[in-house]
Amino acid sequence: MGEGFRKGGSALNGERLHRLYEQYQREVYLYLYAMCRNADAAEDLLQETFLKALLALPENHENFRAWLYKVARNLYFNYRKKEKRIVLQEEELRENGQAEPEHPVEMLIRSEQNRLLYQALAGLEEKKREVLTLRYFGGLSQKEIASVLHLTPENVRVLAYRARQELKQRMEESGCDLS
């Protein structure tokens, strides 16, 4: 069965995991570095690759090396999508003239709004808070959140909608102008 990473359906033991990491980490790192041309990103993606590959490895999978490359490739494409979003957001800010330094009063107002937003978020029911956190801070899609939380995508959509409505109401009650 492949490189001996599973035996009788049992998970990897620590020694075997270490051996597999030592065996493949350099070549997977080089692959990721060649793709993203960023040493820090390649290292982060490498660590995430091994973690995700080992957690999601199918019981009957026979080629650990191929599985690693598949996971690494998918993580790279996710990384690239996030990077594109960040670049687009930065370009949009520059085009709208918002890249200039803020006035100290504006910074104070923004920091107060962030404090109120954090308090409102912390006051949400746990599932709603988790859905919003995964969506807006984790960048996960509804489908991904559904998978993580063991919910249906429709349930995630409803929870996100209700959580946003609740946040909006709490912010307005705190005197925040959301327009």
Side-chain angles (χ1 to χ4, degrees), residues 5-6 9-12 17 28 31-32 35-36 38 41-64 66-96 98 109-179:
F5 49 91
R6 294 216 178 225
S10 63
L12 285 168
L17 171 63
V28 174
Y31 168 75
L32 289 165
M35 296 293 280
C36 65
N38 178 316
E43 185 65 36
D44 290 345
L45 289 168
L46 174 71
Q47 300 305 318
E48 194 174 348
T49 295
F50 271 87
L51 177 65
K52 287 193 182 240
L54 296 173
L55 292 176
L57 185 66
E59 287 289 329
N60 60 352
H61 206 283
E62 294 196 13
N63 189 338
F64 185 76
W67 178 251
L68 272 177
Y69 275 92
K70 181 178 180 179
V71 172
R73 183 177 184 271
N74 289 338
L75 287 171
Y76 165 71
F77 285 119
N78 290 343
Y79 162 80
R80 198 171 79 181
K81 277 190 237 175
K82 286 180 186 175
E83 289 297 308
K84 279 184 182 178
R85 272 186 281 191
I86 290 169
V87 168
L88 289 173
Q89 288 172 348
E90 290 172 352
E91 287 174 3
E92 187 176 289
L93 286 174
R94 278 194 299 274
E95 288 174 6
N96 293 333
Q98 296 176 4
I109 291 169
R110 184 180 309 277
S111 102
E112 178 64 13
Q113 286 176 330
N114 287 343
R115 185 184 66 75
L116 291 171
L117 179 60
Y118 177 77
Q119 286 176 339
L121 187 61
L124 290 176
E125 172 192 320
E126 185 177 2
K127 276 278 194 225
K128 290 177 183 175
R129 183 174 62 244
E130 198 169 11
V131 166
L132 289 185
T133 302
L134 289 170
R135 178 71 185 114
Y136 295 106
F137 299 112
L140 274 65
S141 69
Q142 285 183 2
K143 189 175 181 180
E144 292 168 322
I145 295 168
S147 176
V148 169
L149 300 179
H150 305 289
L151 299 169
T152 65
E154 179 62 19
N155 197 297
V156 169
R157 187 188 66 74
V158 170
L159 281 170
Y161 174 79
R162 290 179 181 165
R164 285 191 301 269
Q165 293 302 325
E166 211 172 304
L167 268 182
K168 181 180 177 183
Q169 180 183 357
R170 289 171 186 245
M171 294 296 286
E172 288 171 350
E173 288 171 359
S174 299
C176 249
D177 179 25
L178 300 175
S179 54

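Values in this document were obtained by computation on a predicted structure and should not be read as measured data. Sequence positions, counted from 1, serve as the residue numbers for this chain.
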Which pair of non-hydrogen atoms, one from [X] and one from [Y], has the smallest distance, and what is that distance?
X: Tyr76; Y: Met35; answer: OH-O, 3.2 Å
X: Arg170; Y: Gly123; answer: NH2-O, 3.1 Å
X: Thr49; Y: Leu68; answer: CG2-O, 3.5 Å
X: Leu46; Y: Leu32; answer: N-CD1, 3.5 Å
X: Leu75; Y: Glu48; answer: CD2-OE2, 3.4 Å
X: Leu132; Y: Ala160; answer: CD2-O, 4.1 Å

> Is the shortest heavy-atom distance from the side chain of Glu83 to the side chain of Arg80 under 4.5 Å?
Replying inline: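 Contact flag for Glu83/Arg80 side chains = no.
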
> Quick one: are Arg162 and Leu159 in side-chain contact, heavy atoms under 4.5 Å?
Replying inline: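 In short, these two side chains do not touch, never coming nearer than 4.5 Å.
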
Partners passing side-chain hydrogen bond (donor to acceptor under 3.5 Å, both in side chains) against [X] (at least two apart in sequence or in another chain):
X: Arg164; result: Tyr136
X: Tyr69; result: Glu27
X: Arg157; result: Glu154
X: Gln119; result: Arg115

> Could you go step by step and tell me if Asn78 and Lys81 meet the side chain to side chain contact (heavy atoms under 4.5 Å, CB included) rule?
Replying inline: CA-CA 5 Å; Asn78 290 343; Lys81 277 190 237 175; 4.2 Å; yes

>> Using a strict threshold of under 4.0 Å (side-chain N to carboxylate O), is an ion pair present between Arg129 and Glu125?
In response: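 So Glu125 does not pair with Arg129 through a salt bridge.
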
>> Would Gln165 and Gln169 count as a side chain to side chain donor-acceptor pair (under 3.5 Å) here? Give the steps.
In response: CA-CA 6 Å; Gln165 293 302 325; Gln169 180 183 357; over 6 Å; no

> What is the distance from atom CD1 of Ile145 to atom CZ of Arg135, rounded to the nearest 0.5 Å?
Replying inline: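 If we round to the nearest 0.5 Å, Ile145:CD1 and Arg135:CZ are 6.5 Å apart.
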
> Can you tell me if CD on Glu173 sees more than 12 non-hydrogen neighbours from other groups inside 6.0 Å?
Replying inline: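 It does: Glu173 CD has more than 12 such atoms within range.
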
> Any chance CZ of Phe77 has more than 12 other-residue heavy atoms, nucleotides or ligands included, within less than 6.0 Å?
Replying inline: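 More than 12 within 6.0 Å, yes.
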
> Partners of Lys70 by side chain to side chain contact (heavy atoms under 4.5 Å, CB included), sequence neighbours excluded?
Replying inline: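 Expected list: Trp67, Asn74.
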
>> According to side chain to side chain contact (heavy atoms under 4.5 Å, CB included), who are the partners of Asn38, at least two apart in sequence or on a separate chain?
In response: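 Only Cys36, Asp40, Ala41, Tyr79 meet the side chain to side chain contact (heavy atoms under 4.5 Å, CB included) criterion with Asn38.
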
>> Looking at Ser141, is its backbone amide N or carbonyl O close enough to the side chain of Glu144 to form a donor-acceptor pair, meaning the two atoms are under 3.5 Å apart?
In response: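 A pair under 3.5 Å: yes.
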
